[in-house]
Undergrad: 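This is the structure I have questions about; it appears just below.
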Amino acid sequence: VQLQASGGGLVQAGGSLRLSCAASGSTFSFNRMGWYRQVPGRQRELVAIISRGGFTNYRDAVKGRFTISRDSAKNTVSLQMNSLKPEDSAVYYCNGYYDMDYWGKGTLVTVSS
């Protein structure tokens, strides 16, 4: 199973980006999918997750600015990021869980001040 993330890039503070992630090679629908991010020298942290039923959870720092969505039938997950801040800069990783964690390679988001 492979997860391929896309949509990262450079944006000014206050701008928006949309990350997308698609799974290939799977015969199942992930129980949950989500986005994590990591800054060099720091641990990977949860940004947002969504269950197969559509229940969502966000880290406090992104609540009201980011929105996660998924298409369970297609095993895709997206993250709409609005009102971006420089502290949102990180490598963003797509995650899917079904008996184990599956990770994409990450996509870089850079927010300039």
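Any value given below was found using the heavy atoms of this structure, including those in side chains, with hydrogens, waters and symmetry copies removed.
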Undergrad: Do V62 and F55 sit in one hydrophobic cluster, given that two such residues count as connected whenever their side-chain heavy atoms are within less than 4.5 Å of each other, even indirectly?
TA: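 No, separate clusters.
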Undergrad: Please report the shortest heavy-atom distance between I68 and M33, naming the atom on each side.
TA: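 Closest heavy-atom pair between I68 and M33: CD1-O, 4.0 Å.
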Undergrad: What are the two closest non-hydrogen atoms of S26 and N75, and how far apart are they?
TA: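 Taking S26 first and N75 second, the nearest heavy atoms are OG-ND2, 3.0 Å.
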Undergrad: Say whether L3 and L108 are linked into one hydrophobic cluster, either directly or through other cluster members, by side-chain heavy-atom distances under 4.5 angstrom.
TA: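 No, because L3 and L108 fall into different hydrophobic clusters, even though each may have its own neighbours under 4.5 Å.
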Undergrad: If you measure from CD1 on I50 to OG on S72, what distance do you get to the nearest 0.5 Å?
TA: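 It is 7.0 Å, given to the nearest 0.5 Å.
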Undergrad: Quickly, which of M81, R65, Q80 forms a side-chain contact (heavy atoms from CB on, under 4.5 Å) with S16? Name it, please.
TA: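 With S16 as partner, M81, R65, Q80 yield a single side-chain contact (heavy atoms from CB on, under 4.5 Å), made by Q80.
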Undergrad: How long is the gap from OH on Y93 to CG on D101, to the nearest 0.5 Å?
TA: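 Answer for the OH-CG pair, Y93 versus D101, is 14.0 Å.
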Undergrad: Between L79 and R37, is there a side-chain heavy-atom distance shorter than 4.5 Å?
TA: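 The answer is no, as the side chains (C-beta and beyond) never meet within the 4.5 Å cut-off.
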Undergrad: Are Y36 and L19 connected into the same hydrophobic cluster when the rule is that any two of I, L, V, M, F, W, Y join if their side-chain heavy atoms are below 4.5 Å apart?
TA: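 Not linked; separate clusters.
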Undergrad: Is atom CD of Q2 surrounded by more than 12 heavy atoms (other residues, nucleotides or ligands) closer than 6.0 Å?
TA: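 Count not over threshold, so no.
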Undergrad: Quick check against the 3.5 Å criterion: does R59 have a side-chain atom that pairs as donor or acceptor with the backbone of E45?
TA: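 No; zero donor-acceptor contacts below 3.5 Å.
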Undergrad: Output the distance between atom OG1 (T110) and atom CG (D88), rounded to the nearest 0.5 Å.
TA: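 These two atoms lie 11.0 Å from each other.
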Undergrad: Starting from V109, can I reach Y58 by hopping between I/L/V/M/F/W/Y residues whose side chains sit under 4.5 Å apart?
TA: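 Yes, Y58 and V109 fall within the same hydrophobic cluster.
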Undergrad: Are V11 and V91 joined in one hydrophobic group, where the rule is that I, L, V, M, F, W and Y side chains link up if heavy atoms are under 4.5 Å apart?
TA: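 Not linked; separate clusters.
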Undergrad: Just verifying a value: how many Å separate N82 CG and R18 CZ, rounded to the nearest 0.5 Å?
TA: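 Taking CG in N82 and CZ in R18, the distance rounds to 9.5 Å.
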Undergrad: Calculate, to the nearest 0.5 Å, the distance between atoms CD and SG belonging to Q4 and C21 respectively.
TA: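 It comes to 8.0 Å.
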Undergrad: Please give me the minimum heavy-atom distance between N57 and L46, naming the atom from each residue.
TA: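 Smallest interatomic distance, heavy atoms only, reads ND2-CD2, 4.3 Å.
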Undergrad: Kindly assign one of parallel, tilted or perpendicular to the pair F66 and Y92, based on the angle between their ring planes and the thresholds 30° and 60°.
TA: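 Rings of F66 and Y92: tilted, 30 to 60°.
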Undergrad: Can you tell me how far CG of N31 sits from CD1 of I49, rounded to the nearest 0.5 angstrom?
TA: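 Taking CD1 in I49 and CG in N31, the distance rounds to 11.5 Å.
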Undergrad: Please report the closest heavy-atom contact between R32 and R70, naming both atoms and the distance.
TA: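 Heavy atoms only, the tightest pair is CA-NH1, 3.7 Å.
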Undergrad: For the residue pair A13 and P86, what are the closest heavy atoms and their distance?
TA: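 Smallest heavy-atom distance, with atoms named: CB-CD, 4.1 Å.
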Undergrad: Testing Y97, Y98, W103, Y102 one by one against F30 for a ring-ring contact (aromatic ring centres under 6.0 Å, His included), which residue passes?
TA: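 Single pass found, and it is Y102.
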Undergrad: Which heavy atom of V39 sits nearest a heavy atom of S89, and at what distance?
TA: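 Reported closest heavy-atom pair: CG2-O, 3.5 Å.
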